[in-house]
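Here is the naming used below: chain letters follow the sequence lines, and residue numbers restart at 1 for every chain. We use all heavy atoms of the structure for the numbers below, so side chains are in, but hydrogens, waters and symmetry mates are not.
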There are 2 protein chains.
Amino acid sequence: MKNSDAAIALSALAHDKRLEIFRLLVKRGPEGYAAGVIAGKLGIPAPTLSFHIKELDRAGLVGARQDGRFIHYSANFVAMRKLVDFLTDHCCSLADESCTTDCLPAAQPARRKRA
Amino acid sequence: MKNSDAAIALSALAHDKRLEIFRLLVKRGPEGYAAGVIAGKLGIPAPTLSFHIKELDRAGLVGARQDGRFIHYSANFVAMRKLVDFLTDHCCSLADESCTTDCLPAAQPARRKRA
DNA sequence: TTCATATTTCCAGTAATATGAAAATGTGAA
DNA sequence: TTCACATTTTCATATTACTGGAAATATGAA
C-alpha cells in the first residue's frame with residue numbers, strides 16, 4: 001500500500017459522519033445497508049450522505065451492490081485490514097532492545113457463529 | 001473512545017506528510033526523533049513540520065520529550081492501538097452467519113529482540 | 001553576556017473540503 | 001406510458017486546512 005493511498009483512506013474516515021457511516025457498515029457485515037437506510041439511521045440528508053459515501057467509495061473502503069432501486073453499501077474489510085497493517089507496519093523495526101511495545105491488539109479471528 | 005476523538009486522530013493522520021511522520025515514529029520506537037531530524041529525513045521546512053507535529057500531538061498520537069535544545073517526538077502506541085480497535089470494533093456484530101470476515105490481521109506481538 | 005542552534009508562532013495567500021436545496025437520473029410498479 | 005421513489009449531480013456558499021518566509025522564543029555553549 002502506498003503512503004498516498006493510505007492518506008486518501010484516512011481522509012475518507014477523517015470526518016465525524018463518514019466515520020459513523022463506516023463503523024455502521026463494519027458492524028453490519030457483508031450485507032450492508034441501502035443508502036437511504038444509512039441516511040435515516042444517522043440523520044443525514046440524502047445529498048450529504050451521497051457526497052460522503054462517494055468519498056468512502058473513492059478511497060476503496062466501501063463497496064456498492066445495486067438491488068432494484070436500492071444501492072446497498074458495505075464495508076470493504078480487506079481494505080480496512082490493509083489500512084490497519086499500513087499504520088502499524090514495521091513497528092519498532094528501527095528501535096533497540098528498549099522497544100517492548102505491543103504493536104497490535106490481540107487478533108479477533110473470524111466470527112464462526114457457533115460452528 | 002469517542003467517535004469524535006477517533007475522527008480527530010484520523011484527521012491528524014489524513015495528510016501525506018503527517019502520515020509519513022507518524023509511520024517514521026512508529027518504526028523508530030519509544031526513543032523517537034528530534035524535530036529537526038524528522039524535518040531533515042522527510043524534507044519538510046521547520047515551520048511546516050512544527051504545524052504538522054502539533055496536529056499529531058493534539059490528536060494524542062505522539063508524545064514529546066525535551067532534551068536540551070532538542071525535542072524528541074515519538075509515537076503513542078497506546079493511542080494507535082485504541083484507534084485501530086475503534087475502527088474494527090464490533091466487526092460484523094450485526095451480521096448473520098454469512099459473515100466470515102477476518103476483522104483483524106494476525107497480531108504482531110511485542111518484539112522481544114532475541115530475549 | 002553574547003552567540004549559535006532548535007523549535008515554534010505569526011501571518012497572509014492559496015487551496016481544499018463541507019453543506020444542502022434544487023434539479024437530474026435511474027429503477028421498478030401500475 | 002405515467003408515476004413514485006431512491007439516489008446522485010449540480011451549484012453557490014461557507015468553512016477549514018496547508019504552506020513557508022520572517023520573526024519570536026528557548027536552550028545550551030563560549
Side-chain angles (χ1 to χ4, degrees), chain A residues 3-25 28 31-76, chain B residues 3-25 28 31-76:
Chain A
N3 191 87
S4 57
D5 290 335
I8 289 172
L10 290 163
S11 290
L13 294 171
H15 183 281
D16 265 337
K17 292 299 183 191
R18 287 199 296 265
L19 185 52
E20 283 185 38
I21 294 166
F22 182 72
R23 296 216 323 141
L24 184 68
L25 295 179
R28 176 61 161 179
E31 189 180 348
Y33 284 120
V37 174
I38 301 171
K41 279 181 180 290
L42 301 181
I44 305 173
T48 304
L49 178 87
S50 184
F51 170 80
H52 289 311
I53 281 272
K54 191 162 54 170
E55 284 298 301
L56 291 169
D57 185 59
R58 191 167 62 90
L61 288 166
V62 302
R65 169 175 56 86
Q66 183 117 21
D67 171 31
R69 283 181 292 183
F70 301 86
I71 300 179
H72 291 264
Y73 288 98
S74 55
N76 182 336
Chain B
N3 191 86
S4 57
D5 290 335
I8 289 173
L10 289 163
S11 289
L13 294 172
H15 183 280
D16 265 336
K17 293 299 183 190
R18 287 198 296 265
L19 185 53
E20 285 185 36
I21 294 166
F22 182 71
R23 296 218 321 142
L24 185 67
L25 295 179
R28 176 60 161 178
E31 188 180 348
Y33 284 121
V37 174
I38 301 171
K41 278 180 180 292
L42 301 181
I44 305 173
T48 304
L49 178 88
S50 185
F51 170 81
H52 288 312
I53 281 273
K54 192 162 53 172
E55 284 298 301
L56 291 169
D57 184 60
R58 191 167 62 91
L61 289 166
V62 302
R65 170 174 53 86
Q66 182 119 21
D67 171 32
R69 282 180 294 182
F70 302 85
I71 300 179
H72 291 264
Y73 288 98
S74 55
N76 183 336

- State, with a plain yes or no, whether a side-chain heavy atom of B:Leu49 is found less than 4.5 Å away from one of B:Ile21. yes
- Please answer whether the main-chain N or O of A:Gly68 pairs with a side-chain N or O of A:Gln66 as donor and acceptor at a distance below 3.5 Å. yes
- Can you give the dot-bracket line for DNA chain D, where a pair is Watson-Crick or G-U wobble with both atom distances under 3.5 Å, crossing pairs use [ ], and | marks a partner on another strand? ||||||||||||||||||||||||||||||
Residues touching DNA chain C, which here means a heavy atom under 4.0 Å, drawn from [range]:
| range | result |
| --- | --- |
| residues 31-48 of chain B | B:Ala34, B:Ala35, B:Gly36, B:Ala46, B:Pro47 |
| residues 53-75 of chain A | A:Gln66, A:Gly68, A:Arg69 |
| residues 13-20 of chain A | A:His15, A:Arg18 |

- Tell me the salt bridge (charged side-chain N to carboxylate O under 4.0 Å, His left out) pairs involving residues 31-41 of chain A, sequence neighbours left out? A:Arg28-A:Glu31
- Item | Pairs flagged by salt bridge (charged side-chain N to carboxylate O under 4.0 Å, His left out) wherever residues 58-68 of chain B is involved - sequence neighbours left out | B:Glu55-B:Arg58
[X] side, atom [atom1]; [Y] side, atom [atom2] - distance, nearest 0.5 Å:
| X | Y | atom1 | atom2 | answer |
| --- | --- | --- | --- | --- |
| B:Ser50 | B:Ile38 | OG | CD1 | 10.5 Å |
| A:Leu19 | B:Ile8 | CG | CD1 | 11.0 Å |
| B:Asp5 | B:Leu10 | CG | CG | 11.0 Å |
| B:Leu13 | B:Arg23 | CG | CZ | 11.0 Å |

- Query: Could you give the start and end, 5' to 3', of the contact zone on DNA chain C for chain A, using atoms under 4.0 Å from its heavy atoms?
  - Reply: C:dA18 to C:dG28
- Contacts satisfying side-chain hydrogen bond (donor to acceptor under 3.5 Å, both in side chains) that involve residues 7-18 of chain A (not counting sequence neighbours) are A:Asp16-B:Asn3, A:Arg18-A:His52
- Listed partners of A:Ala64 passing side-chain contact (heavy atoms from CB on, under 4.5 Å), at least two apart: A:Ile71, A:Tyr73
- Message: Run the side-chain contact (heavy atoms from CB on, under 4.5 Å) test against B:Ala12 and tell me which residues pass, sequence neighbours left out.
- Response: B:Leu56, B:Ala59, B:Leu61
- Query: B:His72: what forms a ring pair (Phe, Tyr, Trp, His ring centres under 6.0 Å) with it, not counting sequence neighbours?
  - Reply: none
- For A:Glu20, which of A:Ile44, A:Leu42, A:Leu25 qualifies under side chain to side chain contact (heavy atoms under 4.5 Å, CB included)? A:Leu42
- Does B:His52 make a side-chain N or O approach to OP1 or OP2 of D:dA17 shorter than 4.0 Å? no
- Which heavy atom of A:Ala14 sits nearest a heavy atom of B:Ala14, and at what distance? CB-CB, 4.0 Å
